[in-house]
Amino acid sequence: MKILSQTSFKLKINLNILCTLLCSMVLILISCTSKSQTNFNVVPAPVELKIGNGYFKIDKETRIVLEGVNLEKIAGLFNNYLEENYGFNLRVSKSPVNKNAIILNYERMNYPLPGAYSIEINDKQVYIAGDNETGVFYGIQTLIQLLPTKNAKKYSLPIPQLSISDHPRFKYRGMHLDVSRHFFSVEQVKKYIDHLATFKFNTFHWHLTDDQGWRIEIKKYPKLTSVGGFRNGTIIGAYPGTGNDSIRYGGFYTQQQIKEVVKYAADRYITIIPEIDIPGHSSAAIAAYPQLSCFPAETSQIPANTAWAGSREGKQVPQSWGVFEDVLCPSEFTFKFLEDVMNELVQLFPSKYIHIGGDECPKESWKRSAFCQQLMKDKKLKDENGLQSYFIQRIEKYLNKHNKKIIGWDEILDGELAPNTTVMSWHGEQECIVAAKQGHDVIMTPENPLYLNHAQSKHEDSVTQGGFNPIENVYNYEPVPKELTLKEVSHILGAQGNMWSEHLLNEKKLEYMLFPRIAALSEVLWSPKEKRSWEDFKKRLPVILERLDQQKINYSHAYYDLIGAALPTETNDGILWKIESNNKDGAIKWSYSSNSAMHDYHEAITVQGSAKGVSAIYIVNDKVVARVSQDFYFNKATGKKITLSNQPSSNYPGDGAFTLVNGIQNEKGLAWSSEFLGFSGKDVEAVIDLGKTEITTGIKLHAFEQQASWIYFPLFVNASFSEDGINFSDQIELKRTGNIYSAVIIKETAARYIKVFAKNTGIISIGNPGSGNPAWLFVDEIEVQ
Ligand code: ACM
């Protein structure tokens with residue numbers, strides 16, 4: 001039993017507390033005998049939850065009693081929720097009542113992180129105690145999740161009797177939003193903040209500037225928003241786009257609005273960290289003030305393959321996505337500009353952190369600039385990475401003087417960093433490990449699986465950023481890498497989901513990408529590691545979705561998706577198509593094609609030749625909630641054994657080597673990325689065992705290129721043949737034909753084993769997207785005729 005602190009909190013020992021103590025003793029007695037439940041529908045799962053018997057009913061007579069000080073605002077937020085969702089609210093008072101009360105109070109809990117709370121619910125009252133205000137707020141968020149999602153009688157809301165004791169795992173629980181690629185209004189941002197609060201996030205990373213729009217008013221530089229806040233059009237669809245909508249697009253927040261949003265977030269115990277992304281991703285600022293570029297007189301580069309609207313003269317705000325070479329010049333003009341911007345920024349954001357970006361800064365313009373080359377000599381900088389480091393450090397020192405610490409994307413590790421710099425690790429775990437070993441604090445936000453702009457379904461019906469990132473991948477993410485020592489682990493502050501907005505054309509799409517993955521992420525960040533269970537989360541998820549329905553929030557149904565896996569048969573003579581849904585409440589039916597008879601699905605379907613439109617549907621409560629259809633293309637390699645010398649990157653693992661012979665050809669580009677294997681800087685060497693000696697008349701390797709995403713065709717592809725799987729000969733080159741990303745040979749060769757080798761482009765050369773970085777090599781299917 002917890003001890004009520006008499007020193008830290010102004011507690012009045014009164015009837016109410018006595019009643020609470022007695023009641024909670026009774027409840028604990030009950031709960032000791034009842035089984036501890038983990039599948040209650042609270043997300044993130046609390047540290048301890050014990051279910052009692054029966055219900056407490058919130059009705060119009062229920063009183064919110066504030067026993068702790070300064071809790072009026074939190075009571076008000078709860079009342080707002082009741083009003084919006086159930087059409088009534090409760091009287092708030094400070095005087096005790098002996099039944100039908102929701103009591104808000106404080107108790108000392110001695111956890112290292114703010115936000116601990118407990119809830120005791122019996123038939124007379126709800127008692128919520130927070131270690132501090134934040135804790136009471138989180139207690140209220142939990143209480144909201146106990147409210148009925150449907151069939152509630154008017155003005156009578158039963159909530160289960162239970163006891164909860166809860167506190168967060170990580171100090172930093174963040175979500176990011178890019179408002180540059182697409183702009184979201186103050187009202188929309190506030191709603192986003194509400195969503196974060198629901199799931200007990202405590203940080204909102206507001207990505208306020210990027211190439212495609214500068215979104216925060218800076219009084220000293222009005223053109224940042226009047227010019228840099230607008231573009232003359234936007235490409236349609238995925239890069240490079242099918243055209244340009246030619247619609248002038250933009251917007252920005254006034255400083256008054258920024259203050260309003262900062263306060264709104266603070267009222268929900270959320271800190272806003274603003275990001276001004278420098279020195280790359282700065283085209284919008286350069287369009288407003290061309291002197292920020294090393295080449296102010298040059299016109300903006302417009303990618304040759306993208307459609308453009310309006311003038312091409314001078315510096316333009318980009319209308320397409322990607323990375324641009326015209327970056328901030330490390331001149332005194334630029335530093336003065338940035339100091340002025342930071343002066344205004346630090347007045348607006350009380351956060352102790354300012355995010356200064358630092359990601360994806362191409363070095364081409366610095367290489368071409370006589371000024372930069374001279375500066376590097378004067379400052380004895382080894383190369384352009386050293387120059388980037390010099391750039392970041394100057395801003396860092398300036399912000400440190402204003403008592404702010406910086407956060408930067410992990411590219412800032414390329415140079416020396418001040419020890420108090422926090423690194424946001426987005427490439428993967430390796431960068432995080434390096435940073436933590438150097439003694440930097442780290443926030444984990446690896447693209448896979450914490451970029452929530454990637455597709456969550458294989459059947460997305462609108463454009464998303466390439467990459468497949470289903471909810472279970474998010475759920476199963478563990479922010480603490482195994483490689484770290486205990487001391488290094490203390491540098492992992494937490495993690496963050498990122499929401500890049502290239503394809504978030506409106507708020508509905510934003511909600512769709514956010515939900516329900518934010519619920520999964522919240523559990524990664526809040527719940528104890530040993531408490532996390534995907535199986536248990538799946539049981540709670542349908543009720544979370546019901547609550548989203550109740551609030552008219554647009555969410556992805558991908559959780560119900562039918563997921564087909566093409567697997568080898570025992571004898572490697574066909575494909576087993578296994579179909580599953582994460583949800584187990586319904587029934588699967590399938591057919592050989594979209595217009596043939598339906599069968600009940602019991603076990604994986606055996607496919608033994610090319611087939612179009614093998615289909616399945618998933619029925620829950622008499623409603624078809626998901627469909628899937630698959631074409632299979634058979635050739636001599638389909639279903640056969642295959643081995644790889646190099647393993648693909650963990651970001652694009654497909655279903656392992658078998659992906660290359662599973663009869664499924666990628667027809668949707670990157671959105672269907674689990675049908676690709678992606679190799680970063682590495683070659684592909686695959687050996688297929690045809691099972692017997694065969695005459696081969698042709699080989700194809702399906703590859704993919706999307707230079708804006710640093711994915712390049714192989715330099716060359718060849719195939720060779722073997723009877724024993726060891727000695728390969730008769731090497732033949734495969735040529736790429738047209739734009740179908742395949743290479744073909746025709747040759748009559750008898751062999752059992754075929755080796756296909758594709759040479760990665762290696763380090764991307766100057767002048768190309770991603771230059772200086774390892775190229776991605778993406779391969780899909782190997783066909784043998
Ligand atoms: C990033 O995704 N460029 C941080």
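We count ligands from 1, going down the list as the structure has it; atoms in each ligand are counted the same way.
Between H281 and ligand 1, a contact under 3.5 Å exists for no N or O pair.
No side-chain donor from either of Q319 and T306 sits under 3.5 Å from a side-chain acceptor of the other.
Side-chain rings of W409 and H355 approach one another, their centers coming within less than 6.0 Å. If you look at F199 and H195, their ring centroids are not closer than 6.0 Å. Taking the six-membered ring for Trp and the full ring otherwise, F704 and F676 have centroids separated by under 6.0 Å.
The ligand atoms of ligand 1 that sit less than 4.0 angstrom from a heavy atom of Y451 are 1 (C), 2 (O), 4 (C).
Nearest protein neighbour of atom 3 (N) of ligand 1, counting heavy atoms only, is D359 OD2, 2.6 Å.
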